[in-house]
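Proteins come first, then strands; the chains are lettered A, B, ... in the order of their sequence lines, and each starts at number 1. FYI, side chains are in, hydrogens and waters are out, and symmetry mates aren't considered; it's all heavy atoms of this structure.
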Amino acid sequence: MSEHDPTAPWPEQADELVSARLDGEATPEEAARVEADPVLRARLQQFRAQRASIAVPTTLSDADRERLLRRALDAFDTPTATSPWPTPTPSPTTADPPAPAAAVVDLSARRRRRRLAGALPAAAAIAALVLGGLALLVASQDDEEQFRAVGSGIESQQRSDTADGADAAAPETPAFEDDEESSAVAEAGSADSATGEAPTTTGGAAPTELGDLGEVDDPADLRAPALDALARSAAAEADPGDAAPTTTAPPSATVTSTRPGGPVCDPLAAGSVDPASLVGEGTATVDGAPVVVLVVSRGTERVVVVVDATTCGVLARG
Amino acid sequence: MAAAQAGDRVALDALLRRHQDRIHGICRRLCGNEADALDATQEALIAVVRGIHRFDGRASFTTWAYRVTTNACLDELRRRARRPDPGLPDVERPRPGPSFDEAIADRLLLDDALAAIPEDFRVAVVLRDHLDLDYAQIGEVLGIPPGTVRSRIARGRAALADRLGGNQDAAPNVERGAP
């Protein structure tokens, strides 16, 4: 290339040549042309100075660094410092204060909403029993022992009706029905768009109810029963005549009796798992304490997460 | 990497720490100011965390992470563009001095100049000049052929030189050439 007229417009091809030379991406012939032309060499120096300026490392304060990391990891998992079990893979950020109290919600209230339709007939039946019982009590002037017998019958009927109502309502009820969980799913979709990858669709379906998985001493021992229950449920859906649905498993007296209506952790609200990847949810008891067992999908793999039902701490993941 | 994908927080923490400075560097150069860069870095780290189980290893992790970061930064810039202008008074920027080297030494001028060039060019220049990726790697991050990378970088650098006053009207003055 011959030398340039300083008053002529700058040719775009010349910049590409110089730029490639600067980056070591020019052919030997192209490099030789740049070196032979003083105007191109001057342009090369300009680009080199620009590059040096852009290459100056940026600085991130320690406070910002830790804050950014903590928030990113919180988006992934939220173990709490109050968990009685050691987190399987603790990180420096686990020493941070637990998630705000707002993350702990009354899970039983949400489930009551889901089961409302099925529970209404049961409530009517209970009311009729109560009235009948009271009428008998007044009429016969029975002693207190007889009154207890009627009350026991009412409680038994209530448990039976509520369980039936829940079983009937669960399959039709969407897993994420309130605004909080819907926004969590939407947020996960937004992150997918940021990655440029198609979002997974597992979050769109209701997670399978795994029922009560029994009592174990080690939370890691819940992996196999959780996956078995999930497989049984899948088989039941494929052929309802062959496999018994997992939701027919008898409820665990241990779990329900240890938290009679009190506030429990909502692992989805607490961010213990990504709601979009949740495929199954059940309960169990670990060493006498109630836990929530979540099965999440990671690609083709199923990961079982055991969360303390009271503190929301992650007890096992694998 | 496998441990981080399987949900090991320690592994994930280590992975993020290893790449955090470079992720912030991309965001700082693309966003043009520290406040937006921190927001974009946060979004990028969260996107990495939430998407890591979908990383399939076809590209290197750094390539994938830079792609996620670039997308997060551009999303942040678009969100910023939709936000109402806070109405802060204009800051008097120093004008380019007679020396090109002096001009580019001014960080404000560089930020302004980078922010003013087209997005496609800016991303290519930053990936090249800040991260020192080669054309093939940049092409992999952006999903474009190396020839397009070469063109975008050249045009970005030329636009940057225009903004910084190094090529205002015509070809550069030969006398102001190599040191």
Side-chain angles (χ1 to χ4, degrees), chain A residues 4-10 12 15-16 18-20 23 25 38-39 41-47 49-51 53-55 57-58 60 64-65 68-69 71-73 75-77 79 87-94 188 191-197 200 274 277 298-299 301 303 305 317-318, chain B residues 5-13 16-17 20-21 24-25 28-29 38 41-43 45-51 53-54 67-68 71-72 75 100-101 104-105 110 114 125-126 128-130 132 134-135 150-151 153-155 157-158 160-161 164 166-167 170-174 176-179:
Chain A
H4 295 281
D5 173 1
T7 62
W10 187 259
E12 191 173 292
D15 276 333
E16 194 167 321
V18 172
S19 184
D23 294 331
E25 303 267 1
V39 176
R41 284 205 308 274
R43 187 66 157 174
L44 182 62
Q45 290 309 312
Q46 288 183 346
F47 285 178
Q50 285 178 191
R51 186 174 73 175
S53 185
I54 294 171
T58 57
L60 192 56
D64 283 337
R65 184 188 308 278
L68 293 171
L69 276 173
R71 288 184 183 172
L73 290 170
F76 176 76
D77 194 350
T87 304
T89 54
S91 75
T93 58
T94 58
D192 291 336
S193 72
T195 65
E197 298 173 7
T200 55
D274 178 4
S277 62
R298 294 200 187 285
E301 189 184 8
V303 178
V305 183
R317 181 191 291 273
Chain B
Q5 281 189 291
D8 184 331
R9 275 178 64 98
V10 172
L12 191 59
D13 183 278
L16 294 181
R17 284 180 190 280
Q20 188 180 21
D21 284 340
H24 172 258
R28 180 66 185 82
R29 291 287 176 253
L38 287 174
T41 303
Q42 185 72 82
E43 293 303 316
L45 291 174
I46 289 174
V48 167
V49 161
R50 288 189 171 156
H53 64 281
R54 291 196 298 275
R67 184 186 307 144
V68 169
N71 289 339
D75 284 348
F100 184 76
D101 290 340
I104 66 167
L110 179 69
L114 269 173
V125 168
V126 167
R128 172 61 206 153
D129 289 348
H130 189 71
D132 203 28
D134 63 32
Y135 288 5
R150 171 174 156 141
S151 169
I153 290 174
R155 295 172 71 182
R157 283 172 172 160
L160 201 54
L164 292 172
N167 186 26
N173 186 344
V174 181
R176 210 172 55 202

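Minimum heavy-atom separation, B:A161 to A:F47: CB-CE2, 4.3 Å. The nearest pair of heavy atoms linking B:Q42 to A:A72 is NE2-N, 3.6 Å. Here the closest heavy-atom approach between residue A:P57 and residue B:H130 is recorded as CA-CE1, 4.2 Å. Closest approach of A:A75 and B:I46 over heavy atoms only: CB-CG2, 4.1 Å.
Atoms CZ and CG, from B:R128 and A:D23 in turn, are 4.0 Å apart once rounded to the nearest 0.5 Å. Distance check: B:T41 OG1 to A:R71 CZ gives 12.5 Å after rounding to the nearest 0.5 Å. For the atom pair CZ (A:R65) and CG (B:D21), the distance works out to 4.0 Å, reported to the nearest 0.5 Å.
Using a 4.5 Å heavy-atom cutoff, the side chains of A:L73 and B:L45 are not in contact. Residues B:R29 and A:I54 are in side-chain contact: their nearest non-hydrogen atoms beyond the backbone lie under 4.5 Å apart.
In terms of modelled atom types and a separation under 3.5 Å, the side chain of A:E25 and the main chain of B:Y135 share a donor-acceptor contact. A donor-acceptor pair under 3.5 Å is formed between the side chain of B:R157 and the backbone N or O of A:S19.
Among B:R155, B:H24, B:R28, the residue making the largest number of heavy-atom pairs under 4.5 Å with chain A is B:H24. Between chain B and the residues A:T58, A:V303, A:D64, A:L44, the largest count of heavy-atom pairs under 4.5 Å involves A:T58.
Residue B:D134 touches chain A through both its backbone and its side chain, counting heavy-atom pairs closer than 4.5 Å.
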